[in-house]
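All figures in this text were calculated on a predicted structure; none of them were measured in a lab.
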Amino acid sequence: MRPFLIMRLFILGLKTHDSFKHLITLIVMGFSLGIATASAATLNHRSQTEVLQFLQTYQPGASIGKQSISFNDLVQRLLSKRVILVGEIHDRYDHHLNQLALLKALSAQDPNIGIGVEWFQQPFQPVLDAYLAGRIDETEMLKRSGYYNRWRYDYRMLRPILIFAKDNHIPVLALNAPVEITQKVAQGGLEALSDKERAQLPKHINPPESSYLQRLRKVFMRHGTHGAGDGRFENFALVQRIWDETMAANAVDFLQANPRYRLMIFSGVGHISDRMGIPSDMARTIPTQQMATVMTQSAGDIAMGQFDYFMLSPQPHNLPPTGKLGAWFEPDPRGLQVSRLAQTGAAAQAGMMTGDRLRKINNIPVRSMSDLLSTLAGFNIGDTLQLTLERDRLAPKGEVESHLLTLAIKLQ
């Protein structure tokens with residue numbers, strides 16, 4: 001078994017109050033299997049048309065264990081399954097391209113298909129539905145769903161899948177549990193939840209299998225959280241099980257309500273490896289022979305038995321990096337406040353100071369981290385932005401007054 005890696009989140013700057021909370025935030029459903037360190041190729045996909053054109057000639061290899069099969073053979077084998085769980089490393093664009101390639105191929109054979117995703121939390125299903133129906137645009141969907149506060153990975157990697165689903169009338173399920181609930185459980189167990197909060201989770205949260213528990217303990221101990229005996233590890237493992245059970249329950253509900261449909265589930269690899277987590281939880285209702293697990297991996301990195309099928313990725317594919325301000329922010333009643341600056345970062349070089357409050361970017365109001373991240377996602381390295389800041393200063397009589405200023409900042 002390869003070591004587990006902690007996934008890096010797409011964060012410009014959030015204040016961390018507690019090391020255990022920080023670990024829970026970093027895990028974000030994403031302890032994962034090791035991957036090969038091949039050099040990455042950059043794909044500058046600027047539109048859905050460019051993504052689909054790329055997929056026309058892109059057919060990744062596949063295998064059953066170490067036995068090679070064609071991509072078309074993989075698709076035909078998966079058509080016999082009702083539940084197809086496709087693992088991902090959250091910040092790997094090639095993993096998401098493979099998910100889309102499978103979705104595109106399977107939906108062409110059978111339009112009665114839905115996808116369940118870890119990326120959105122279940123209470124925001126109406127927001128996702130409104131986007132898919134065209135009642136709100138992408139920016140509004142990301143804002144209302146709290147995407148950049150709750151998931152935070154670069155949405156550009158997921159956009160092609162969501163657009164494909166929207167264009168082809170494919171249901172998308174928000175599978176995940178609300179972060180407000182899992183944070184409470186991380187600190188105080190299920191007992192910390194109100195009756196209303198507890199009712200949002202599956203009735204039974206089954207304990208993890210021993211091998212699954214061992215994996216979680218390795219992750220927990222590796223990050224310096226030596227808290228044996230104080231309940232922190234138990235709560236940490238419970239949070240993982242809540243994520244698994246909630247996603248499995250929401251998936252089963254969809255399948256029972258839509259008996260003619262099959263469902264693809266896109267989640268972090270840690271939730272499906274060795275058929276533990278989501279597959280194990282679903283198996284209490286859905287026969288195991290109706291399920292299959294798939295993971296993207298390099299040919300030399302395949303670990304026998306962890307997944308039913310592999311899609312081969314000899315080289316990682318990345319998107320071009322987005323531009324960065326070089327500033328960290330924390331919420332403030334009057335706007336996002338600058339808590340720290342990178343010494344050689346774009347913001348510091350332009351004259352931004354700690355304590356400044358960010359009000360607008362290119363005249364677009366910024367009131368939250370979600371506003372900030374969704375706005376910056378549209379710009380690249382080298383782009384110049386006009387930032388409106390509010391800064392406090394001492395008035396002649398010793399009183400503190402605020403004034404607005406504008407800085408031109410070239411993203412790095």
Mind checking what makes salt bridge (Lys or Arg N to Asp or Glu O under 4.0 Å) contact with R357, not counting sequence neighbours? E390, D392
Does any N or O in the side chain of H90 come within less than 3.5 Å of the main-chain N or O of S267, such that one atom is a donor and the other an acceptor? no
Could you walk me through whether V252 and Q256 pass side-chain contact (heavy atoms from CB on, under 4.5 Å), step by step? CA-CA 6 Å; V252 168; Q256 291 179 333; 3.7 Å; yes
Is the backbone of N176 close enough, under 3.5 Å, to the side chain of Q121 for a donor and an acceptor to pair up by distance? no
Measuring from atom CD1 of I115 to atom CZ of F164, what distance do you get when rounded to the nearest 0.5 angstrom? 9.5 Å
Can you check whether L190 reaches R198 side chain to side chain, under 4.5 Å on heavy atoms? yes
SB check E245 R284 (cutoff 4.0 Å): yes
Does any N or O in the side chain of E50 come within less than 3.5 Å of the main-chain N or O of R46, such that one atom is a donor and the other an acceptor? yes
Tell me, do N168 and S107 make a side-chain contact under 4.5 Å, heavy atoms counted? no
How far apart are the C-alpha atoms of L128 and L162, what are their side-chain angles, what is the distance that settles it, and do they pass the side-chain contact (heavy atoms from CB on, under 4.5 Å) test? CA-CA 10 Å; L128 205 49; L162 271 294; 4.1 Å; yes
Taking the basic N atoms (NZ, or NE/NH1/NH2) and the acidic carboxylate oxygens, is any pair closer than 4.0 Å for E191 and K184? no
Point-to-point distance, once rounded to the nearest 0.5 Å, from CD1 of I361 to CG of L376: 4.5 Å
Distance-only polar pair, side chains of W328 and Q337, donor-acceptor under 3.5 Å: no
Which is it for K166 and E138 under the salt bridge (Lys or Arg N to Asp or Glu O under 4.0 Å) test, yes or no, and what are the steps along the way? CA-CA 11 Å; K166 183 174 184 285; E138 179 183 281; over 6 Å; no
Atom CZ in R82, atom CD1 in I113: separation rounded to 0.5 Å? 11.5 Å
Using 30° and 60° as the class limits, which term best fits the ring planes of Y153 and W151: parallel, tilted or perpendicular? tilted
How far apart are the closest heavy atoms of Y155 and M141, and which atoms are they? OH-CE, 3.4 Å
Would you confirm whether E197, through its side chain, and S194, through its main-chain N or O, come within 3.5 Å as a donor-acceptor pair? yes
Minimal non-hydrogen separation, D129 against V172, with atom names: OD1-O, 4.4 Å
Can you say whether the rings of H271 and W243 are parallel (under 30°), tilted (30 to 60°) or perpendicular (over 60°)? perpendicular
Are R232 and F220 packed together at the side-chain level, in the sense that at least one heavy-atom pair is separated by less than 4.5 angstrom? yes
What is the distance from atom CD of Q99 to atom CE of M157, rounded to the nearest 0.5 Å? 10.0 Å
Please give me the minimum heavy-atom distance between F254 and P171, naming the atom from each residue. CE1-CB, 4.3 Å
Short question: side chain of D356, backbone of V338 - any donor-acceptor pair under 3.5 Å? no
Are L103 and I170 side-chain neighbours, meaning at least one heavy-atom pair lies under 4.5 Å? yes
Considering only NZ, NE, NH1 and NH2 on the basic side and carboxylate oxygens on the acidic side, decide whether D244 and R241 come within less than 4.0 Å. yes
Side chain D332, main chain R334, donor-acceptor under 3.5 Å: yes
Closest heavy-atom pair and its distance - N44, P320: OD1-CG, 3.4 Å
If we only count heavy atoms from C-beta on, is the I409 to M352 side-chain gap below 4.5 Å? yes
Test side-chain contact (heavy atoms from CB on, under 4.5 Å) on L43 and H317; report intermediate values, then the result. CA-CA 7 Å; L43 298 174; H317 291 102; 3.6 Å; yes
Sub-4.5 Å side-chain heavy-atom contact between I84 and V294: yes
For F236 versus L216, what's the shortest heavy-atom pair and its separation? CE2-O, 3.5 Å
Tightest non-hydrogen contact, residues T182 and A177, listed as CG2-CB, 4.2 Å
Run the side-chain hydrogen bond (donor to acceptor under 3.5 Å, both in side chains) check on Y93 and N98 step by step: do they pass? CA-CA 9 Å; Y93 184 48; N98 281 353; over 6 Å; no
Set out, in order, the CA-CA distance, both residues' side-chain angles and the distance that settles side-chain contact (heavy atoms from CB on, under 4.5 Å) for I265 and I272, then state yes or no. CA-CA 10 Å; I265 295 175; I272 69 171; 5.8 Å; no
Under 3.5 Å: donor-acceptor pair, side chain of K324, backbone of T322: yes
Quick check against the 3.5 Å criterion: does T246 have a side-chain atom that pairs as donor or acceptor with the backbone of I242? yes
Donor-acceptor pair, side chain of D383 and main chain of N380, under 3.5 angstrom: yes
Might you confirm whether atom NE2 of H403 has over 12 heavy atoms from other residues, nucleotides or ligands at distances under 6.0 Å? yes
Quick one: does L387's side chain get under 4.5 Å of K360's, heavy atoms only? no
Does K81 offer a backbone N or O that forms a donor-acceptor pair with the side chain of R77 under 3.5 Å? no
side-chain hydrogen bond (donor to acceptor under 3.5 Å, both in side chains) with R275: which of D308, T293, T288? D308
Nearest 0.5 Å please: distance from the CD1 atom of I278 over to the CE atom of M276. 14.0 Å
side-chain hydrogen bond (donor to acceptor under 3.5 Å, both in side chains) evaluation trace for N318 with T42: CA-CA 5 Å; N318 292 331; T42 298; 5.8 Å; no
Check: L78 and L102 side chains under 4.5 Å, non-hydrogen atoms: yes
Aromatic ring pairing Y147/F120, orientation class (parallel under 30°, perpendicular over 60°, tilted between): tilted
Given the ring of F233, does R217 sit roughly above its face, with NZ or CZ under 6.0 Å from the centre of the six-membered ring and within 45° of the axis? yes
Straight-line distance of Y131 OH to I136 CD1, nearest 0.5 Å: 9.5 Å
